[in-house]
Amino acid sequence: STPTNLRLTSAKLINEADKPPTVTVSGVAGDRRAIVLFKDKLALTAPFTGAEITNLTEAVTETSKTYAFTVSISIKKN
C-alpha cells in the first residue's frame, strides 16, 4: 500500500540481460516524507532487494506544494 498523500503515475520493468531486473515507479506526493516512507517500505518488501529515489522535483503553486518523484527498485534475480 502507498501513503494516503502519494499517487503513483507510472511503473516500468527494466530487464536487461547483463543487469539485475529493476522496476521504476513514478508518482506525485504532498510531502517528501511520504516518498521516503514509500521507498523504505519497498526496500523491505520481497522480492525487492533495495530501492532508491532517483528523481525528486518540487512544484509550488499559490495554494499548494507537491513533489514529483521516481524510485528505482532492485528485484532479486532467481
Side-chain angles (χ1 to χ4, degrees):
S1 70
T2 62
T4 56
N5 61 343
L6 185 142
R7 179 175 49 93
L8 300 180
T9 57
S10 70
K12 180 180 179 182
L13 174 64
I14 302 166
N15 194 10
E16 298 175 0
D18 59 337
K19 296 180 182 178
T22 60
V23 174
T24 301
V25 179
S26 298
V28 178
D31 59 67
R32 291 183 295 236
R33 186 179 188 300
I35 298 166
V36 172
L37 290 173
F38 178 62
K39 176 206 62 98
D40 290 346
K41 188 171 185 177
L42 287 171
L44 297 173
T45 303
F48 306 137
T49 59
E52 67 177 300
I53 299 169
T54 57
N55 186 35
L56 182 61
T57 306
E58 180 181 72
V60 180
T61 66
E62 289 184 22
T63 58
S64 68
K65 185 185 295 188
T66 59
Y67 299 89
F69 67 91
T70 302
V71 175
S72 180
I73 311 153
S74 301
I75 302 173
K76 183 179 181 179
K77 198 168 189 173
N78 290 335

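The analysis underlying the following values was restricted to heavy atoms, covering all of them including side chains, and did not include hydrogens, waters or symmetry mates. Note that the coordinates shown come from a computational prediction; the quantities given were computed from them, not determined experimentally.
No continuous path of hydrophobic side-chain contacts links L37 to L56 [ILVMFWY only; heavy atoms under 4.5 Å]. V71 and V28 are not part of a single hydrophobic cluster, where members link through side-chain heavy atoms under 4.5 Å apart.
At least one side-chain heavy atom of I75 sits under 4.5 Å from a side-chain heavy atom of L13. The shortest side-chain heavy-atom distance between V36 and I53 falls under the 4.5 Å cut-off.
A donor-acceptor contact shorter than 3.5 Å links the side chain of T9 to the backbone of S26.
A distance of 12.0 Å separates CG of D40 from CD1 of I35, quoted to the nearest 0.5 Å. Of the inter-residue distances, the one linking K12 atom NZ with T22 atom OG1 reads 9.0 Å to the nearest 0.5 angstrom. To the nearest 0.5 Å, atoms OG (S74) and CD1 (I14) are separated by 10.5 Å. For the atom pair CG (N55) and OG1 (T24), the distance works out to 11.0 Å, reported to the nearest 0.5 Å. Expressed to the nearest 0.5 Å, how far CG of L8 lies from CZ of F69 amounts to 5.5 Å.
Summarising the geometry of K39 relative to E52, their closest heavy-atom pair is CD-CA, 3.9 Å, with the distance given to 0.1 Å. A pairwise comparison of heavy atoms in A34 and L6 identifies O-CD1, 3.7 Å as the closest pair.
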